[in-house]
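Written below as structure tokens is the structure these notes are about.
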Amino acid sequence: MQKKNRIILALDVTSRAEAMRVVEAVKDHVDAIKINWPLVLATDPNIIRELSRVKDVICDFKIADIPNINKLIVEQAMSRGASAVICHGFTGDDSVKACVDASKGQVFVVTEMSHPGGKQFTAPLADKLAALAKSAGARGIVAPATRPERIAALRKIIGALEIISPGVGAQGGKASDAIMAGADYIIVGRAIYDAPDPGNAAKALADEVKEAV
Ligand code: 3DU
């Protein structure tokens, strides 16, 4: 994925028509589209292929199962045109490795989650999860824009791996803070697709990111 705007659109809408409306409005201001269960369940898995014709698609299925099931999920996503997937790391190194193998390394591992509850169980384990992402051969990690100081700390563990960072806007994080702390890309959903003009909202974020680089 081209590192131009450094924004990944979290397309958590629940109809194909709404998805296409938002994508059409923001496609010049984002580098990739992240989809999650709401859109896939509301439409069908071929939405991955459809969106991949416009932008790189990251399937955020928060994969968290035994290695065999992880492999099968990743194969299904990649065969439909996904560029990358997101998995959990708490399932252990064999489960993460299964995702890495099935995607040829195109995996982001969730570390500390961005919502308040993320402090409860994921934050205490985040450093280990980041180290696991690195040792398993993942492409990068997911780290919280709501706690930029944690992005900086996790960067020290993973070195040159990529950091994609949710929590900007609706969850209270600021795009420029996340980028300055070391995120490669911010992930933004509601602050773009719920905006009166999603194109303007995405452009404003892209401008903020450019200032911060
Ligand atoms: O809060 P937003 O509407 O900008 O959406 C955030 C997206 O990022 C959403 O798709 C969610 O599944 C994902 N995400 C987090 O919010 C927090 C994480 O720790 C990991 C992923």
Side-chain angles (χ1 to χ4, degrees), residues 5-14 18-19 22-23 26 29-43 47-48 51 55-64 73 77 82 84-91 96 99 107-130 132-133 138-151 153-154 158 162-179 181 183-196 198 201-202 204-206 208-209:
N5 298 297
R6 300 172 68 144
I7 298 175
I8 297 170
L9 169 67
L11 191 55
D12 299 318
V13 297
T14 51
E18 180 63 357
V22 174
V23 166
V26 311
H29 308 299
V30 304
D31 296 331
I33 300 168
K34 183 184 83 66
I35 59 170
N36 200 331
W37 290 114
L39 181 61
V40 175
L41 294 172
T43 59
I47 193 80
I48 302 170
L51 292 170
K55 289 278 161 187
D56 284 337
V57 174
I58 300 173
C59 284
D60 182 5
F61 296 153
K62 303 252 172 27
I63 305 162
I73 294 169
V85 295
I86 295 178
C87 76
H88 272 298
F90 63 78
T91 47
V96 172
C99 294
V107 180
F108 294 93
V109 179
V110 175
T111 60
E112 177 171 332
M113 294 192 75
S114 58
H115 64 310
K119 283 191 174 171
Q120 204 174 352
F121 297 113
T122 62
L125 283 177
D127 291 6
K128 283 186 180 167
L129 294 168
L132 167 57
R139 172 171 168 178
I141 62 168
V142 186
T146 46
R147 295 175 216 111
E149 71 285 0
R150 292 297 297 143
I151 297 176
L154 292 165
I158 60 163
E162 286 182 323
I163 298 181
I164 60 176
S165 184
V168 169
Q171 296 182 50
K174 208 167 151 19
S176 47
D177 290 348
I179 294 291
D184 293 285
Y185 299 87
I186 51 164
I187 296 170
V188 189
R190 287 165 287 180
I192 293 178
Y193 65 73
D194 275 347
L205 283 163
E208 182 185 334
V209 165

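Read the numbers this way: they start at 1 and go in the same order the structure lists the ligands and their atoms.
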Identified side chain to side chain contact (heavy atoms under 4.5 Å, CB included) partner of K34 from the options L9, I86, L11, V57: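 Among the candidates, only I86 passes.
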Taking [X] for the side chain and [Y] for the main chain, is one N or O donor matched with an acceptor at less than 3.5 Å?
| X | Y | value |
| --- | --- | --- |
| E208 | S176 | yes |
| S165 | A183 | no |
| D31 | I8 | no |

CG-CD1 distance between D184 and I179, expressed to the nearest 0.5 angstrom: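 One finds 7.5 Å between CG of D184 and CD1 of I179.
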Lys/Arg-Asp/Glu bridge criterion (N-O < 4.0 Å) met for D127, R150: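 Judged by the 4.0 Å cut-off on N to carboxylate O distance, D127 and R150 do form a salt bridge.
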Check ligand 1 for close polar pairs with the protein: N or O on both sides, less than 3.5 Å.
{"residue": "ligand 1", "atom": "1 (O)", "partner": "Q171", "partner atom": "NE2", "Å": "2.9"}
{"residue": "ligand 1", "atom": "1 (O)", "partner": "R190", "partner atom": "NH2", "Å": "2.8"}
{"residue": "ligand 1", "atom": "3 (O)", "partner": "R190", "partner atom": "N", "Å": "2.8"}
{"residue": "ligand 1", "atom": "3 (O)", "partner": "R190", "partner atom": "NE", "Å": "2.8"}
{"residue": "ligand 1", "atom": "4 (O)", "partner": "G189", "partner atom": "N", "Å": "2.8"}
{"residue": "ligand 1", "atom": "10 (O)", "partner": "D12", "partner atom": "OD2", "Å": "2.6"}
{"residue": "ligand 1", "atom": "10 (O)", "partner": "K34", "partner atom": "NZ", "Å": "2.7"}
{"residue": "ligand 1", "atom": "12 (O)", "partner": "N36", "partner atom": "ND2", "Å": "3.0"}
{"residue": "ligand 1", "atom": "12 (O)", "partner": "K62", "partner atom": "NZ", "Å": "3.3"}
{"residue": "ligand 1", "atom": "16 (O)", "partner": "Q171", "partner atom": "NE2", "Å": "2.9"}
{"residue": "ligand 1", "atom": "19 (O)", "partner": "S114", "partner atom": "N", "Å": "3.1"}

